[in-house]
Amino acid sequence: MADGPLIVQSDRTVLLEVAHPDAESARHELAIFAELERAPEHIHTYRITRLGLWNARAAGHDAEDMLATLERWSRFPVPPSVSIDIRETVGRYGRLTIERNDEGALMLRAIDTAVLTEVSRNKRIQPLLIGHPTPDSYAIDAWARGHIKQELLKIGWPAEDLAGYTPGTPHPIELEENGWVLRPYQRQAVDIFTEGGSGVVVLPCGAGKTLVGAAAMADTKTTTLILVTNTVSARQWRDELLKRTSLTAEEIGEYSGQVKEVKPVTIATYQILTAKRGGQYAHLALLDALDWGLIVYDEVHLLPAPVFKLTADLQARRRLGLTATLVREDGREGDVFSLIGPKRFDAPWKEIEAQGFISPAACYEVRVDLPAGDRLEYAAAADDERYRLAATAHAKIDVVRQLVARHEGERILVIGQYLDQIDVLAEALNAPQITGATPIDEREELYQAFRVGEVSLLVVSKVANFSIDLPEASVAIQVSGSFGSRQEEAQRLGRLLRPKESGNTASFYTLIARDTVDQDFAQNRQRFLAEQGYSYTILDADAIAA
DNA sequence: AAGATAGCAA
DNA sequence: TTGAATGCTATCTT
């Protein structure tokens with residue numbers, strides 16, 4: 001295309017011109033195999049990585065599809081080095097396979113023996129090979145299945161795991177589609193997963209990941225272990241399974257700090273698996289408590305590092321990872337790929353949106369000017385004080401007031417990170433506040449009042465990131481962000497702001513003090529939001545007043 | 001046994 | 001880099 005939205009560069013980055021009329025179409029196709037790296041106002045940068053290419057390949061896209069995408073939307077000819085590199089990298093996936101021989105022993109096989117010879121010389125892989133029965137295969141121990149996949153990925157020869165899975169103890173599970181049906185893309189995701197037996201399904205927030213899990217369980221019909229991030233999420237899984245499947249309360253167990261039940265379907269938190277006593281993992285027994293036929297990893301991009309270690313030994317069990325984004329802030333995407341499995345399905349965004357199943361919130365970054373006095377104080381402050389000063393700038397309060405007035409009649413959440421600031425805001429807006437110190441029953445009361453509409457404005461601290469589900473909110477105003485995981489923020493945002501029945505899109509505002517560190521941190525946040533398909537607009541505080 | 005509280009990890 | 005959450009365990013109380 002002579003004036004396409006993409007520029008493909010020979011360093012394997014791809015620039016996307018955001019304002020271009022075809023930008024969104026190009027973004028959706030590009031996101032299949034490239035990762036968003038930076039997302040400032042005008043030009044977004046994507047990077048074509050090996051892992052991205054292999055994930056796309058495992059999800060059924062081939063090199064020619066990906067090159068066609070680049071050629072279709074690229075303004076200039078695609079550099080030959082890039083197309084050669086894409087073909088070469090994609091071609092590496094599947095050259096090595098892990099299979100069972102006729103006796104059921106695990107074998108590492110290769111189509112061409114040169115590759116096999118090369119990897120067998122590697123000093124971290126050599127010890128895992130226990131025999132060389134035929135020129136095109138090596139024997140490996142069952143316990144080494146995960147480790148060898150990790151090592152092979154590291155040296156650039158990812159193996160396709162075709163060795164199959166233990167059936168697990170059969171257990172009858174049916175979907176009960178009364179008054180609802182599995183959406184077409186959910187069905188498709190489950191079908192592809194069931195065929196592959198392990199891997200990750202990537203769906204945007206609100207697209208019904210739990211149902212994909214439930215349907216996968218109904219397909220495999222075995223005892224299932226579900227791993228989740230926190231107890232609220234555990235309860236949501238439980239409720240959803242009771243409502244949507246034939247499972248009864250007696251068949252679903254919770255394995256957490258409070259209760260330790262092991263039932264045919266058991267829901268456990270990641271934390272309990274990582275809990276140690278006397279240097280040993282205290283709850284390892286859970287993994288072998290039953291002959292699990294399926295393990296579901298919820299929010300797989302948040303999987304704690306120690307769980308990878310444990311997962312390395314679980315390669316014979318079917319594994320389903322669910323997530324909205326594969327990007328991790330600790331760079332362990334490779335472990336997700338080799339230990340949980342490759343990406344099997346990514347959402348055809350356009351279709352899901354067109355079918356009205358999700359409508360992501362519109363995000364606005366509002367830049368606020370600091371008054372001269374505050375600017376001076378900021379400039380003189382020590383580094384570790386600066387962020388706090390910028391984040392809690394008083395100038396923000398007026399802007400919040402204006403935004404609240406602008407969205408009169410809607411349910412609004414004001415989110416802050418500093419307790420002092422929350423106090424001040426609650427006072428200024430004459431609204432109730434909820435923080436970690438608020439007693440549980442008082443929280444529940446306020447949430448309930450908010451749900452039914454008695455209270456339309458709440459000032460909340462980070463508690464809102466975790467333990468609440470307030471889909472009634474249609475406006476969120478973030479006054480100060482956090483250093484912590486920005487992904488998590490984006491995740492919870494999806495939980496807070498659901499597509500509204502009225503058809504109005506939800507709005508999310510982030511207040512940023514202009515020309516401060518505040519602005520730098522906002523960059524990262526933007527990236528995750530843009531990655532998950534939220535639109536992003538930068539506003540000036542003066543524009544709000546007008 | 002059940003509930004409250006403190007300390008720890010990440 | 002900080003500050004505010006979480007879940008888990010152990011300990012103490014009733």
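Quick caveat, the model's predicted, so the values are computed rather than measured. Below, chain A is the first sequence line, B the second, and so on; all start at residue 1.
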Minimum side-chain heavy-atom gap Leu326(A)-Val202(A) below 4.5 Å: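 Yes, close enough: below the 4.5 Å cut-off.
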Less than 4.0 angstrom between a side-chain N/O of [X] and OP1 or OP2 of [N], yes or no?
{"X": "Thr229(A)", "N": "dT6(C)", "answer": "no"}
{"X": "Thr231(A)", "N": "dG7(C)", "answer": "yes"}
{"X": "His283(A)", "N": "dT9(C)", "answer": "yes"}
{"X": "Lys260(A)", "N": "dT9(C)", "answer": "yes"}
{"X": "Thr435(A)", "N": "dA4(C)", "answer": "no"}

Find the distance between OG1 (Thr45(A)) and CD (Glu35(A)) and round it off to the nearest 0.5 Å.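 If we round to the nearest 0.5 Å, Thr45(A):OG1 and Glu35(A):CD are 13.0 Å apart.
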Rounded to whole Å, how long is the line connecting atom [atom1] of [X] with atom [atom2] of [N]?
{"X": "Lys276(A)", "N": "dG7(C)", "atom1": "NZ", "atom2": "C1'", "answer": "17 Å"}
{"X": "Asp423(A)", "N": "dA4(C)", "atom1": "CG", "atom2": "C1'", "answer": "14 Å"}
{"X": "Ile272(A)", "N": "dC8(C)", "atom1": "CD1", "atom2": "P", "answer": "5 Å"}
{"X": "Glu299(A)", "N": "dG7(C)", "atom1": "CD", "atom2": "P", "answer": "14 Å"}
{"X": "Gln421(A)", "N": "dA4(C)", "atom1": "CD", "atom2": "P", "answer": "11 Å"}
{"X": "Glu254(A)", "N": "dC8(C)", "atom1": "CD", "atom2": "P", "answer": "9 Å"}
{"X": "Gln280(A)", "N": "dC8(C)", "atom1": "CD", "atom2": "P", "answer": "20 Å"}
{"X": "Tyr255(A)", "N": "dC8(C)", "atom1": "OH", "atom2": "C1'", "answer": "12 Å"}

Taking everything shown except Glu261(A) itself, do over 12 heavy atoms lie less than 6.0 Å from its CD?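 Yes, CD of Glu261(A) has more than 12 neighbouring heavy atoms, counting only those of other groups under 6.0 Å.
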Among the candidates [options], find the nucleotide nearest to the side-chain atoms of [X].
{"X": "Ser461(A)", "options": "dT9(C), dA4(C), dT6(C)", "answer": "dA4(C)"}
{"X": "Tyr418(A)", "options": "dG3(C), dT9(C), dA5(C)", "answer": "dG3(C)"}
{"X": "Leu419(A)", "options": "dT9(C), dA4(C), dT6(C)", "answer": "dA4(C)"}
{"X": "Val463(A)", "options": "dG7(C), dC8(C), dA5(C)", "answer": "dA5(C)"}

Salt-bridge contact [X]-[Y] (side-chain N to carboxylate O under 4.0 Å):
{"X": "Glu377(A)", "Y": "Arg375(A)", "value": "no"}
{"X": "Lys263(A)", "Y": "Glu251(A)", "value": "no"}
{"X": "Arg514(A)", "Y": "Asp369(A)", "value": "yes"}

Full working for side chain to side chain donor-acceptor pair (under 3.5 Å) between Asp298(A) and Trp237(A): CA-CA 10 Å; Asp298(A) 191 25; Trp237(A) 268 91; 3.1 Å; yes
Taking only N/O atoms, report every protein-nucleotides 3-10 of chain B pair under 3.5 Å with atom names and distance.
none

